[in-house]
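See structure below.
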Protein chains: 2
Amino acid sequence: MASGTRERIMDVALRLFAAQGVAATPVTAIEAGAGLSAGSGSFYRHFRDKHELLSAVLDRELAKVAEDPITWVRSPSPQRPPETELAERLGAELAFLRRLLPMIAILMWERAGPNDLAGRVRQTMTARGIELGIADLLLQAPTPPVKDDPAAAATVLISAQLGYFLSTEYFGAPPGDVEADRFTAMLARLLVGRDLP
Amino acid sequence: MASGTRERIMDVALRLFAAQGVAATPVTAIEAGAGLSAGSGSFYRHFRDKHELLSAVLDRELAKVAEDPITWVRSPSPQRPPETELAERLGAELAFLRRLLPMIAILMWERAGPNDLAGRVRQTMTARGIELGIADLLLQAPTPPVKDDPAAAATVLISAQLGYFLSTEYFGAPPGDVEADRFTAMLARLLVGRDLP
DNA sequence: GTCTATATTGGGATAGAC
DNA sequence: GTCTATCCCAATATAGAC
């Protein structure tokens, strides 16, 4: 089918937009990447302009991410220590953020844009339970600080994950060159607060 | 002095670059903002091209930030509980990040660029003790997790700060709408781990 | 639906007068 | 050191043949 072209255009655009920004990605490059002739306006048979393309790409991607469940082990052995379970969940969450990365990258570039990109991405992150789904797990092993203010604890958790992720992606390395496993393990340990004085 | 123009150009450029990105900021806009005639090439009497301007702006800004000490209370009353002191220090750190914001924003936009922007900003953040200066404070009140792996704990700390900050700046709101004080207080509490089971 | 060709604009950069 | 004027190119978008 010839209208797979539209899909191919969106695939390429997502990749290029994320890699170099919307402004820095000429339509000609998108055409080339989609197997069309570089200077031809063939692109415009499929989208009115670049902005419409951007919208379409984001909608499709957000929809995909929204469908695709976070794959983490749904506590198969319910007797494991809570910090282990939490650490695993945190790892899955980092992977989920990695899926969102292209959109986050675009968001950074298009901050000033007319579309409410921030809102749209934020909504997906929220809806996917990145924010709220956490709180209930925290409540499984609540240390006093967490019990006092679960929302703040969840904020610390999400912030740490997001910061670690963005630092790795944008600065090329995690803060302090600590690998992901070590990071999530520590974060889980601090939240669950086992071995204490 | 007429060569204050160069400084004015850099001032305007920093603002515009941070607000809308380098690519989206035409030289004409910079000229206009600096009080020069919009279409004139007067800009080029001061900088060879936009890339040189970008470099100059970053260097100047990084130098400024490097000189300017983080203003936090250097433990005036040494008997305060460590989580209070830590919370204060975390607050000062957030303010410091806010100073770095324009450069972080530029970094996000210019990720693909030829200059090693990421490296330069990262170096400043590191040099300023954002990474290492933390560890010693942590050691003032080391909970077992922190004692076991101070580097990982520091990474959690920095990541949380960075994530909270970026989320606020780019998504328009902190994760979970928790204000800064509540956030830093919780982070400090989790790290210092006072009241425990 | 894709091509070649082209109109058109916006922005980077230079020339030369003042 | 700033101006006016201009060149040049890259990129958007369209026209019309196939």
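Below, chain A is the first sequence line, B the second, and so on; all start at residue 1.
- Contact check, Thr5(A) against dT2(C): a side-chain N or O comes under 4.0 Å of OP1 or OP2.
- Using a 4.0 Å heavy-atom criterion, one finds that Ser37(A) contacts the sugar-phosphate atoms exclusively.
- Atom CD of Glu31(B) is separated from atom C1' of dG10(C) by 14 Å (rounded to the nearest Å).
- Taking atom CG of Leu54(B) as the reference point, atom C1' of dG12(C) lies 15 Å away to the nearest angstrom.
- The pair Arg189(B)-Asp149(A) does not meet the salt-bridge criterion, since no charged nitrogen lies less than 4.0 angstrom from a carboxylate oxygen.
- Summarising the geometry, the separation between CG on Leu36(A) and P on dA13(D) is reported as 16 Å, rounded to the nearest angstrom.
- As a whole-Å value, the separation of Phe47(A) CZ from dT12(D) C1' is 16 Å.
- Between Asp59(B) and Lys64(B) no salt bridge is recorded (no basic side-chain N to carboxylate O distance below 4.0 Å).
- Atom CD1 in Ile9(B) sits about 11 Å away from atom P in dG1(D), given to the nearest Å.
- Taken from CG in Leu187(A) to CG in Leu157(B), the straight-line distance is 11.5 Å, to the nearest 0.5 Å.
- Closest approach to the Lys50(B) side chain among dG12(C), dT12(D), dG1(D) is made by dG12(C) (side chain taken as heavy atoms from C-beta onward).
- Here the side chain of Val27(B) is nearest to one of dG12(C), dA13(C), dG1(D), namely dG12(C).
- Heavy-atom neighbours of Asp49(B) CG from other residues, nucleotides or ligands within 6.0 Å: above the threshold of 12.
- Within 6.0 Å of the CG atom in Asp181(B), the count of heavy atoms belonging to other residues, nucleotides or ligands does not exceed 12.
- One finds no side-chain N or O of His51(B) lying less than 4.0 angstrom from the OP1 or OP2 phosphate oxygen of dG12(C).
- When rounded to the nearest whole Å, the span between CG of Leu53(B) and P of dA13(C) equals 11 Å.
- Ranking dA13(C), dT2(D), dT2(C) by closeness to the Tyr44(B) side chain, first place goes to dA13(C).
- Mapping Ser40(B) and Ala23(A) onto DNA chain D by nearest heavy atom places Ser40(B) at the nucleotide closer to the 5' end.
- Per the geometry, CZ belonging to Arg45(A) stands 11 Å off C1' belonging to dA17(D), to the nearest Å.
- The interatomic distance linking Asp49(B) (CG) with dA10(D) (P) rounds to 16 Å, in whole Å.
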